[in-house]
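Only a predicted model underlies this, so the values are computations on that prediction, with no experimental measurement involved.
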Amino acid sequence: MSARVLVVDDQEPNVRLLEAKLKAEYFEVVTAFSGQAAIEKAISEQPDVILLDVMMPGMDGFETCRRLKADRRTRHIPVINVTALDQPEDRVRGLEAGADDFLTKPVDNLPLFARIRSLLRLKELLDELRLREENAEERGLSVATDDPELLDSARVLIIAGEERVIRHISAKLPDTIKVDSEIAPELAVRRTTDGYDLVLVDLTTRAYDALRTCARIRSNSETRTLPIIAIVDPDEVARSVRALDLGVNDIVNRPIDRGELNARLRTQLRRKRYADTLRERLEDSLEMAVTDPLTELSNRRYISSRLQQAALMVSGGEMQASVMIADLDHFKRVNDTYGHEAGDAVLVEFAERLRNQLRAIDLAGRFGGEEFVVLMPEADLDDARIGAERLRAAIYDTPFRLPEDGGELDVTVSIGVAQILPGEDVEAVMRRADIALYRAKAAGRNKVVVEDKAERAA
Ligand SMILES: [Mg+2]
């Protein structure tokens, strides 16, 4: 995995040392010698990860990190604090400033590369989501670094081999968190799909191989992005590295420091919420691209593309298909007499009845205004006529209810039906269905008219 790393340290030899290590692993390296320079480089170079010295004259690493995380141009870039101080309070301070991780000097190669790889994987995922949702920030998506409610509603599953260990870990967590635990590894993996926000795994348990447990959580598509924090003994460097490579998000060393554990917990929950929000918005926007927001039927663009597809399949001899165009009669009068709200209610109710009359393989879309199109695969003209007649009756037989006790309203629909012919394009079949619809209107409305086969060639 190649990536661009920004190395920040006020001491040039430190920068050169890290630069050499990273370049040996084929990372691209950018450097800065102060907090201010780091912020400028982060904006202009858009590195994939930042290694940030904590002790610097002027703006220290904590303040630099805070500013990077407060700026929307740089807040998505993971920051690893590099510190000579091995005091838990400083780790916590860094994490609370928004740092994603920290390393202590002198920096060991294995943890360094494992942490970078782990953060790069995360960033790749978030970048992908971010790219598809460029305007997330404008649309009110925030990544507040100190949301106090983040820990309140969280559900955490502790996986450890012994009750004693589970009690010890639980005691370090805030009271507001809802904590469950599991000793049996098989069951534990299964329970992770149960809507948890985070999993804490004791990696040192002798009862089974907890690395395998982590790998299985990661390989399940349902829990692929569920945050995992592993708890290890400080001498288990190789195991920590394996864990990070397997996709564990963070490591906490024993003895467990309450402040550090909670800060790491908060970091992971914040990321999860950020990713979840991006994903939800992405799903919404994908849905919006194919759905008519009022009726929740397919929109014109989507049904058009499916019609094109169907025409190709008909031409290829793979199936037969028919099309109906349904147009509400005198709809303008509804809007004019009862207002647009009533008009919208009629359209929604019509769409609902339409859905109920369709076969499972039919696809209905709102083409515009009060015009609807239904693609009916595997339907010849007779089948299509029967379906259209059923819809016409379902509209005519029962009056529509108007909103806010506006009473009831008789609504009718006129429908034109045509079959897709091999070798013809969608425009041609839609034109024939339109002519049939016109005839239905001319014949007094509330009618189904099937295309005249004799006129197809004309
Ligand atoms: Mg320094």
Side-chain angles (χ1 to χ4, degrees), residues 221 283 285-329 347 350-396 413-443 445-458:
S221 63
E283 278 163 14
S285 65
L286 286 177
E287 190 157 310
M288 268 163 53
V290 300
T291 307
D292 169 53
L294 178 66
T295 62
E296 291 174 4
L297 295 173
S298 299
N299 65 14
R300 183 185 184 115
R301 186 168 67 180
Y302 183 68
I303 187 122
S304 297
S305 75
R306 293 293 300 274
L307 285 165
Q308 302 280 3
Q309 208 175 21
L312 285 174
M313 289 178 76
V314 168
S315 294
E318 293 166 63
M319 68 168 184
Q320 53 180 352
S322 295
V323 172
M324 69 164 101
I325 303 181
D327 192 273
L328 292 179
D329 296 326
L347 290 171
F350 176 82
E352 184 59 31
R353 295 191 196 187
L354 172 58
R355 262 192 294 268
N356 291 338
Q357 297 307 320
L358 294 181
R359 303 170 303 161
I361 55 172
D362 292 338
L363 180 75
R366 183 179 177 202
F367 224 51
E370 66 271 25
E371 190 177 65
F372 297 81
V373 170
V374 182
L375 167 64
M376 293 176 287
E378 299 302 351
D380 62 15
L381 271 183
D382 261 351
D383 301 331
R385 183 183 52 73
I386 292 165
E389 186 54 44
R390 202 168 52 224
L391 170 63
R392 187 203 61 76
I395 303 306
Y396 175 68
V413 63
S414 298
I415 303 174
V417 178
Q419 187 170 359
I420 304 178
L421 300 176
E424 80 174 346
D425 57 21
V426 173
E427 288 68 35
V429 66
M430 291 296 281
R431 207 156 39 233
R432 293 204 316 282
D434 230 1
I435 291 170
L437 171 64
Y438 175 79
R439 288 192 172 140
K441 296 270 186 193
R445 299 184 167 83
N446 190 24
K447 294 236 169 356
V448 172
V449 171
V450 174
E451 63 168 335
D452 187 343
K453 284 189 189 178
E455 283 188 3
R456 277 180 182 173

If only atom types and distance count, is the side chain of Glu424 paired as donor or acceptor with the main-chain N or O of Leu421 below 3.5 Å? yes

In Å and rounded to the nearest 0.5 Å, what is the OG to CE distance from Ser304 to Met430? 7.0 Å

From Glu370 atom CD to Leu347 atom CG, the distance as rounded to the nearest 0.5 Å: 7.5 Å

Sidechain-backbone polar pair: Glu451 side chain, Gln419 backbone, donor-acceptor under 3.5 Å: yes

How close do Glu371 and Asp434 get, heavy atom to heavy atom, and via which atoms? OE2-OD1, 4.2 Å

Leu363 side chain near Ile303 side chain, heavy-atom distance below 4.5 Å: yes

Does any N or O in the side chain of Arg385 come within less than 3.5 Å of the main-chain N or O of Asp380, such that one atom is a donor and the other an acceptor? no

Quick one: closest heavy-atom pair of Val417 and Ala384, and the distance? CG1-CB, 3.5 Å

Give a yes or no on whether the backbone of Gly365 and the side-chain of Ser298 come within a donor-acceptor separation of less than 3.5 Å. no

Indicate the atoms forming the closest heavy-atom contact of Pro377 with Ala321, along with that distance. CA-CB, 4.0 Å

Taking C-beta and beyond as the side chain, do Met376 and Asp383 meet within less than 4.5 Å on heavy atoms? no

Treating Thr291 as the side-chain partner and Pro293 as the backbone partner, does any N or O pair qualify as donor plus acceptor under 3.5 Å? no

CD1 on Ile395 to CG on Asn446, rounded to 0.5 Å: 10.0 Å

Could you tell me whether the side chain of Arg392 and the main chain of Gly387 form a donor-acceptor pair under 3.5 Å? no

Taking CZ in Arg390 as the centre, count heavy atoms belonging to other residues, nucleotides or ligands within less than 6.0 Å. Is the count above 12? yes

Which pair of non-hydrogen atoms, one from Thr295 and one from Ala351, has the smallest distance, and what is that distance? CB-CB, 3.6 Å

Any side-chain heavy-atom pair of Leu354 and Val374 under 4.5 Å: yes

Asp292 side chain near Phe372 side chain, heavy-atom distance below 4.5 Å: no

What is the minimum heavy-atom distance between Ile415 and Ala326, and which atoms define it? CG1-CB, 3.9 Å

Could you check Leu312, Val426, Leu375 and say which one makes a side chain to side chain contact (heavy atoms under 4.5 Å, CB included) with Ile420? Leu375

Do Arg355 and Leu297 make a side-chain contact, defined as non-hydrogen atoms from C-beta onward lying under 4.5 Å apart? yes

As an exercise, state the distance from CZ of Arg445 to OH of Tyr396, rounded to the nearest 0.5 Å. 15.0 Å

What is the distance from atom CE of Met313 to atom CE of Met319, rounded to the nearest 0.5 Å? 4.5 Å

Under 3.5 Å: donor-acceptor pair, side chain of Ser322, backbone of Ala379: yes

Any carboxylate oxygen within less than 4.0 angstrom of a Lys/Arg side-chain nitrogen, looking at Arg366 and Glu296? no

Arg359/Asp362 salt bridge by N-O under 4.0 Å criterion: yes

With side chain to side chain contact (heavy atoms under 4.5 Å, CB included) as the test, pick out the partner of Ser414 among Ile325, Asp329, Leu328. Asp329

Do any N or O atoms from the side chain of Arg432 and from the backbone of Ala418 form a donor-acceptor pair under 3.5 angstrom? no

Validation row: Leu307, Val373 side chains within 4.5 angstrom (heavy atoms): yes

